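Just the heavy atoms: all of them, side chains too, but no hydrogens, waters or symmetry mates, feed the values below. The shown structure was predicted, so the numbers you read here are calculated from the model rather than taken from an experiment. Lettering follows sequence order; numbering is per chain, from 1.
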2 protein chains.
Amino acid sequence: MKKVELSLPAEPLTLSDKLRRGDLLSAACPSRTVMKHITSRWGVLVLMVLDGETRRFSELRRLIDGVSERMLAQTLQWLEADGLVRRVAYEVVPPHVEYNLTPLGQQAAHKVRDLADWVESSIPEVVQHWNKASAS
Amino acid sequence: MKKVELSLPAEPLTLSDKLRRGDLLSAACPSRTVMKHITSRWGVLVLMVLDGETRRFSELRRLIDGVSERMLAQTLQWLEADGLVRRVAYEVVPPHVEYNLTPLGQQAAHKVRDLADWVESSIPEVVQHWNKASAS
DNA sequence: TGCTATACTTACATAAAGTAAGTACGTACA
DNA sequence: TGTACGTACTTACTTTATGTAAGTATAGCA
């Protein structure tokens with residue numbers, strides 16, 4: 001079983017420093033993988049919707065317009081493996097599974113929410129730019 | 001020439017409200033597209049690197065480990081079209097092109113940087129979770 | 001009895017991303 | 001003078017990721 005090593009930035013750092021921080025600019029750094037999961041098309045929306053709430057799989061599917069069951073399941077598995085999402089399954093038929101955020105996931109969700117809020121509120125300016133550019 | 005309309009949330013809003021804010025949860029909302037550009041694999045890194053700096057194409061390519069010229073060009077074109085990145089080309093041979101952020105792009109870059117900082121500093125916890133899970 | 005709902009997984013089709021090469025011309029170096 | 005390298009891209013082709021549709025076991029309701 002292979003343990004993941006953190007990639008080391010250019011400056012000489014102590015071992016504990018290396019364990020302390022990732023570097024998104026280096027391709028081999030595991031932070032790239034985590035960022036990929038969080039900023040994936042559905043990852044962003046899952047974190048938004050789970051922020052402070054517990055939701056069932058089917059609720060998430062309905063709340064997140066356009067997501068397929070396949071991608072929702074995969075996204076949740078990524079986030080669960082990263083320790084951001086907690087999955088609670090009740091052994092009943094038909095199945096009943098609940099999802100919520102871990103403390104770490106909550107932190108991520110706050111950053112994502114800040115970005116999402118900015119995007120949602122800046123949309124008019126971006127759209128204006130689109131229309132201006134296509135008009136010229 | 002088709003103008004883009006904003007998708008309307010559930011609550012009844014005035015027309016000016018509709019122009020005011022996007023809704024990432026609805027599939028048809030243009031905020032989905034902008035979010036896609038910003039949170040794309042290379043979009044995040046481009047915004048990070050351009051934060052407060054002017055950079056040439058080749059500098060970006062070297063700073064962002066692993067990016068291909070093809071994807072870097074495409075990502076920059078997306079962000080330029082969204083009004084987040086400004087492109088300045090000098091008509092010389094060999095070519096010389098500079099990129100920097102618009103005020104809107106700076107705002108986006110700040111949010112992205114907050115998220116990136118969190119990911120980079122939270123990596124040890126995530127990796128610990130990976131190793132713990134694979135050990136069991 | 002038949003229909004709907006649950007939380008997934010699997011096989012297959014499509015879209016996106018990665019890879020490699022080409023471009024036109026300047027500069028550096030031997 | 002010839003050769004290699006650097007610039008900012010684009011194009012053709014391959015690989016990977018995503019979307020779509022269908023299948024699963026069983027309970028509740030009409």
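Of all the residues in residues 38-53 of chain A, not one reaches under 4.0 Å from DNA chain C with any non-hydrogen atom. Applying a 4.0 Å cut-off to non-hydrogen atoms, the residues of residues 56-64 of chain B that approach DNA chain D are B:Arg56, B:Phe57, B:Ser58, B:Arg61, B:Arg62, listed by residue number.
Partners of A:His110 under the side chain to side chain contact (heavy atoms under 4.5 Å, CB included) rule, at least two apart in sequence or in another chain, are A:Asp51, A:Gln106. A search for salt bridge (Lys or Arg N to Asp or Glu O under 4.0 Å) contacts involving A:Asp65 returns nothing, not counting sequence neighbours.
Judged purely by atom type and a 3.5 angstrom limit, B:Ser121 uses its side chain to pair as donor or acceptor with the backbone of B:Trp118.
One N or O donor and one acceptor, one from the side chain of B:Arg70 and one from the base of C:dT19, sit under 3.5 Å apart.
Within the structure, side-chain hydrogen bond (donor to acceptor under 3.5 Å, both in side chains) pairs that include any residue of residues 79-89 of chain A comprise A:His37-A:Asp82, A:Asp82-B:Trp130, A:Arg86-A:Asn100 (at least two apart or interchain).
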Note to self: Just to be sure I follow the notation: if a pair is Watson-Crick (purine N1 to pyrimidine N3 plus N6-O4 or O6-N4) or a G-U wobble (N1-O2 and O6-N3), each under 3.5 Å, what dot-bracket string does DNA chain C give, with | for pairs to another strand?
What the structure shows: ||||||||||||||||||||||||||||||
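If you check every strand for non-hydrogen atoms under 4.0 Å, A:Tyr99 touches sugar and phosphate atoms only.
Minimum heavy-atom separation, B:Leu25 to B:Arg32: O-NH2, 3.2 Å.
Listed nucleotides C:dA7, D:dA27, C:dA16 differ in distance to A:Val93; the shortest reach to its side chain belongs to D:dA27.
In this structure, B:Leu72 places its CG atom 11 Å from P of D:dT10, rounding to the nearest Å.
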